[in-house]
2 protein chains.
Amino acid sequence: MSEPSAAGGRRQDGTRPRGRRADGSAVEDILAAARAEFAERGYGGTSVRGVARRAHVDPGLVRYYFGGGKPELFAMALARREIDPAGVVATLVADGLDGLGARLLDVVVGTWDAPGGRERFRMVIAATASGQDHLVRDFLASEVFGRVRAALPAPDADLRVGLVASHLVGVLVTRYVLELEPVASAPREELVALVGPTLQRYLTGELPGA
Amino acid sequence: MSEPSAAGGRRQDGTRPRGRRADGSAVEDILAAARAEFAERGYGGTSVRGVARRAHVDPGLVRYYFGGGKPELFAMALARREIDPAGVVATLVADGLDGLGARLLDVVVGTWDAPGGRERFRMVIAATASGQDHLVRDFLASEVFGRVRAALPAPDADLRVGLVASHLVGVLVTRYVLELEPVASAPREELVALVGPTLQRYLTGELPGA
DNA sequence: AGCAGTATTCCTCACATGAGGAATAACGCG
DNA sequence: CGCGTTATTCCTCATGTGAGGAATACTGCT
């Protein structure tokens, strides 16, 4: 038979075959397509149908797997279950304040440097900037930077962690969103060597005007 | 007569009055509405009709004034003619490298702290993150940071200006997009005092591992 | 008051969207 | 091979979008 099997290609009469795929790849294809669409078009410019088109499935299938629609699709496209950021940061902090700046930057850049990380970061920033998603921001504030802040001595812990967050986020935005050279393609170790001491100064050093 | 005059409110029969407004406010209303819509919905989520609704005008009027459609609307909503950023930076650089870090941060934060600045910044970041606008990024790279870079001695001028840009952008994103306290509401002078020295170190100080 | 210019609206069209629901055919097991 | 389950498609509907074009009424000048 020259007809395509399972979902996807069209028959002579224009219809597409139904039935499940043997390799069960539909969900992964949808999620990958969603990541690409959200990264390229932003939250508002991404449609369920656009994602379906890109994944070569019917929009009804997207609805079947992600009944919550675009919000659920966004959340699932972002989710990564292999990494527990809060747990990682807790471990970094538990190793003490010395060198924490460099370790933080190392882990953060390493995380977003991973495959798909750039897309995810752009998704988050774009959605947050256009007020459509606050979940990741709030998670970062409470579970990530909140743990760093808890390890710092008063009275200026909030200010210190705010400065660290500012610089960290700036490196990420410059690297993944603005793609300004040489920051965009600098080796991670180089960034850590250059920026780590600054973060450490913000964490434990003397603040000007304090 | 109890009927509304010129554009806007509805008559008893549901139609709206036509004809120009006496105060010529239509364009400004459209632009203000565009800024709000782009900031709240992102580029892809903003429609010409949505802007028109918000501005209380007919979508045809938006098309009349901004015949290039959404792209032109975006560009004009962003444009500010009272400020020449490149010229401002050129003046700052002309005053010498000493204290340039603090002066840069002071001007940059002061600029975006101005009314409407937060919205504009979020518009730019969201659009850039979702790959829909590169103009402002490219302008910043060549006309703003490019002028700073030209004033620095080789051989690591690119790296230095990249670090400065990273930290500057991070402060803006943390202040206007993530809205993390206490950076979000810190007085400008406080930010300048805290971060200025770091920027200066990146501009003229010793870089670690150099 | 009359009138010209044009800002502003209304109408129309083709196409896209999210969402609900029924039909169907593919997979995998016995 | 037969069959049950369900992944996957197709169909339909209401609503929204950008864009073109004609009509109209308001402003401001004479």
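To find a chain, count down the sequence lines: A is the first, B the second, and so on, and within it residues start at 1.
In this structure, NE2 of A:His56 is placed 16 Å from C1' of D:dT8, rounded to the nearest angstrom. For the pair B:Asp29 CG and C:dT9 P, the interatomic distance rounds to 11 Å; values are reported in whole Å. Counting to the nearest Å, the C1' atom of D:dG18 and the CG atom of B:Leu73 are 13 Å from each other. To the nearest angstrom, P of D:dG18 lies 13 Å from CG of B:Asp58. Residue B:Glu37 contributes atom CD, which lies 14 Å from atom P of D:dG16 at whole-angstrom precision. Between the CD1 atom of A:Ile30 and the C1' atom of D:dT9 there is a distance of 13 Å, rounded to whole Å. Separating the CZ atom of B:Arg16 from the P atom of D:dC26 is a distance of 14 Å, rounded to the nearest angstrom. Remark: P of D:dT24 and CZ of B:Arg18 are 7 Å apart, rounded to the nearest angstrom.
Relative to the side chain of A:Arg53, the nucleotides D:dG21, C:dT17, D:dA25 differ in distance, and C:dT17 lies closest. Among C:dT8, D:dT8, D:dG21, the nucleotide with an atom closest to any side-chain atom of B:Arg63 is D:dG21.
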I'd like a table of donor-acceptor pairs (distance under 3.5 Å, sequence neighbours excluded) in which one partner is a side-chain atom from residues 166-173 of chain B, with atom names and distances.
| residue | atom | partner | partner atom | Å |
| --- | --- | --- | --- | --- |
| B:Ser166 | OG | B:Gly162 | O | 2.9 |
| B:His167 | NE2 | A:Tyr202 | OH | 2.8 |

Considering only distance and modelled atom types, tabulate donor-acceptor pairs under 3.5 Å from the side chains of residues 136-145 of chain A, sequence neighbours left out.
| residue | atom | partner | partner atom | Å |
| --- | --- | --- | --- | --- |
| A:Arg137 | NH1 | B:Leu178 | O | 3.2 |
| A:Ser142 | OG | A:Asp138 | O | 3.1 |
| A:Glu143 | OE1 | A:Arg147 | NH2 | 3.0 |

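Salt bridge annotation for A:Glu28-A:Arg21: absent, with no cationic side-chain nitrogen under 4.0 angstrom from a carboxylate oxygen. A salt bridge is absent between A:Arg18 and A:Asp58; no separation between the charged side-chain nitrogens and carboxylate oxygens falls under 4.0 Å. Under 4.0 Å is where a charged nitrogen must lie from a carboxylate oxygen, and between B:Glu179 and B:Arg122 at least one such pair does.
Taken residue by residue, residues 41-49 of chain B places heavy atoms nearer than 4.0 Å to DNA chain D at B:Ser47, B:Val48, B:Arg49.
Applying the ring-ring contact (aromatic ring centres under 6.0 Å, His included) test to B:Tyr176 and every residue at least two apart in sequence or in another chain returns B:Phe121. With sequence neighbours excluded, no residue satisfies salt bridge (charged side-chain N to carboxylate O under 4.0 Å, His left out) with A:Arg103.
Aromatic ring pairs are classed by plane angle as parallel below 30°, tilted from 30° to 60° and perpendicular above 60°; the pair B:Phe38 and B:Tyr43 is parallel.
Atom-to-atom distance recorded for A:Asp29:CG and A:His56:NE2 is 8.5 Å, nearest 0.5 angstrom.
Nucleotides of DNA chain C nearest to A:Gly50 and A:Gly60 differ in position, and the one nearer the 5' end is that of A:Gly50.
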List, with names and distances, any nitrogen or oxygen atoms from the protein found under 3.5 Å away from nitrogen or oxygen atoms belonging to nucleotides 28-30 of chain D.
| residue | atom | partner | partner atom | Å |
| --- | --- | --- | --- | --- |
| D:dG28 | OP1 | B:Ala22 | O | 3.4 |

